[in-house]
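First listed ligand is number 1; within each ligand, the first listed atom is number 1. Counting from 1, the numbers follow the sequence of the chain as shown.
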Amino acid sequence: MNAATVVALLHLCFTARAALSREDSSQTTLRAKPGDTVHLQCCPPGVTPLSSTWTKNGAEITFPGLSRLSLFAEGTLEISQVTPEDAGIYLCNCTLPRESSQAQVLLQVESVPATHPDCSLVPFSDPAQAVFNCSWFGALPLPTLSWSRTGSAQVTANVTDSLLLTLNASQLSDGETATCTARHDLIQPGERRSCSLTLRLPYPQGEPLAATLEGLSISLTCIETASFPAADTTWRRGLQQELIRPGSKYVLSGTGPGFQLTILNVSKEDEGVYFCRSENLLGVRELEVSLTVKAANSAYTGAIIGVFVAVLILGSVGIVAKMVYFNRHRICLDGGFTQMEENGGDVLSLVESDDEQFFQDAVPQLPPMSSDRLTTLVQIHRIPSTDQDDVEKNDATTQPPEDTQEDTEEAEDLVVF
Ligand SMILES: *[C@@H]1O[C@H](CO)[C@@H](O)[C@H](O)[C@H]1NC(C)=O
Ligand SMILES: *[C@@H]1O[C@H](CO)[C@@H](O)[C@H](O)[C@H]1NC(C)=O
Ligand SMILES: *[C@@H]1O[C@H](CO)[C@@H](O)[C@H](O)[C@H]1NC(C)=O
Ligand SMILES: *[C@@H]1O[C@H](CO)[C@@H](O)[C@H](O)[C@H]1NC(C)=O
Ligand SMILES: *[C@@H]1O[C@H](CO)[C@@H](O)[C@H](O)[C@H]1NC(C)=O
């Protein structure tokens, strides 16, 4: 560090201190009520300046004709009918014959904000306590705030713009309302400035039943809107209510009011009860969701039976068509359907009866299928395990031969058989 730097630093230090002390010494604070007339002094008493200039918040003040502001000969600024907008920092230069001086005046105007106080709950780490926060900024002078609760006496009162009230959870109940009221000289009689908070137990809502197929994913949804203060909402599993953590199996999403639990690659073990558990300082409430998981294969069974039947019908139609074709001369010559019915009827009814017979007999006799994908006919003719499968089978039986791409692929297996 060379000498020049030291000198520069010293100089800087000195000027900063000088500026600070001058500001300190010359600033005065003036407080007025709305409607008052105030006088802001510029020059020392008893002198008449050559000139005096005023700025308010950095902008020079002008004095147009009919103004509430007037400048006196001794440099004093008069403001009549003061309004809250007149509040600010006023600076003045007083130029005297041999020297000049500055004056700084902070003008405050008593006022109350147009708003009501603001009531909120302070987020608190201790779940056994509630901290109510009432604030009402901008009132001059400071207001008196008080908290009162239904069924109990007013708890606190003080002269402040922010007031906290701490209550133990055991003192609180569902539906309880705490009200904060502000008092101030400038609040008109009969006018009330207040805010309130009403505490509510959580109430998670959602569908109580869910069902899905093995291998798929399912999302369970829970909505928590009632709770005040905001609840801590978690998903839990089983009667032991083990906390579900996100991972390869579970995805948790939503930050309220909706909370989703997505179970990936559902298996039979995932079947059971799940709980959406919501807790705030008033208590705990749960939504119970019962999840049913169906074997994925059972869903295919109906479609597969449908395809099987469709293929058989298609085959029958083909045989009939072939017969009609080969007997066409007879039909034409004999001029009637009688001949065809005699020859072809046997075949036709044989196929049909065979078909039905096979279907009715074969189904109950075959053993239930394993959990493997269908590769043999045994699995395809699995005994339908549920009502839904029966419905599907019936639906499928009446289906026309046209089917989806996926189903035709399955049909290839059957044709092989
Ligand atoms: C007062 O005078 C100084 C220097 O003469 C000038 O920089 C400053 O802006 C003046 N202030 C007002 C309020 O006129
Ligand atoms: C109370 O509320 C006011 C306004 O929202 C905020 O500025 C203040 O920090 C709060 N007090 C506490 C203790 O949280
Ligand atoms: C306001 O609170 C202060 C301490 O924070 C206390 O000394 C004073 O007595 C209280 N005034 C009223 C009116 O409660
Ligand atoms: C709140 O609970 C604490 C202990 O948990 C106790 O010391 C305190 O007195 C209680 N306050 C009230 C107002 O009941
Ligand atoms: C789904 O779970 C089964 C066992 O339950 C496992 O064999 C399979 O690899 C899983 N699939 C995926 C995509 O995680």
Which residue and atom name correspond to the protein heavy atom nearest [atom], and how close is it?
atom                    : value
atom 13 (C) of ligand 2 : Leu164 CD1, 3.7 Å
atom 5 (O) of ligand 2  : Asp118 OD2, 3.5 Å
atom 11 (N) of ligand 5 : Asn265 ND2, 2.7 Å
atom 4 (C) of ligand 2  : Ser135 OG, 3.3 Å
atom 12 (C) of ligand 2 : Asn133 ND2, 3.4 Å

Original post:
Of all the atoms in ligand 2, which lie at a distance below 4.0 Å from a heavy atom belonging to Val122?
Top reply: 12 (C), 14 (O)
Original post:
Going through the distances and angles, do Ser52 and Asn93 end up as a side-chain contact (heavy atoms from CB on, under 4.5 Å)?
Top reply: CA-CA 5 Å; Ser52 59; Asn93 267 355; over 6 Å; no
Original post:
Heavy atoms of the protein only: does one fall short of 4.0 Å from atom 2 (O) of ligand 5?
Top reply: yes
Original post:
Can you find a protein heavy atom closer to atom 7 (O) of ligand 5 than 4.0 Å?
Top reply: no
Subject >> Pair Leu220-Phe259, side-chain contact (heavy atoms from CB on, under 4.5 Å): steps then yes or no >> reply: CA-CA 8 Å; Leu220 310 180; Phe259 296 88; over 6 Å; no
Subject >> Listed partners of Phe72 passing ring-ring contact (aromatic ring centres under 6.0 Å, His included), at least two apart >> reply: His39
**OP:** Please state which part of Val131 comes within less than 4.0 Å of ligand 2, counting heavy atoms only: side chain, backbone, both or neither.
**Re:** neither
Original post:
Looking at residues at least two apart in the chain, or sitting in another chain, which of them share a side chain to side chain donor-acceptor pair (under 3.5 Å) with Thr212?
Top reply: none
**OP:** Looking only at distances, please establish whether an N/O atom of ligand 5 is found under 3.5 Å from an N/O atom of Ser267.
**Re:** no
Original post:
Are the sulfur (SG) atoms of Cys94 and Cys42 separated by under 2.5 Å?
Top reply: no
Original post:
Do Cys195 and Cys119 have their SG atoms under 2.5 angstrom apart?
Top reply: yes
Original post:
Is the ring centre of Trp147 less than 6.0 Å from the ring centre of Phe132?
Top reply: yes
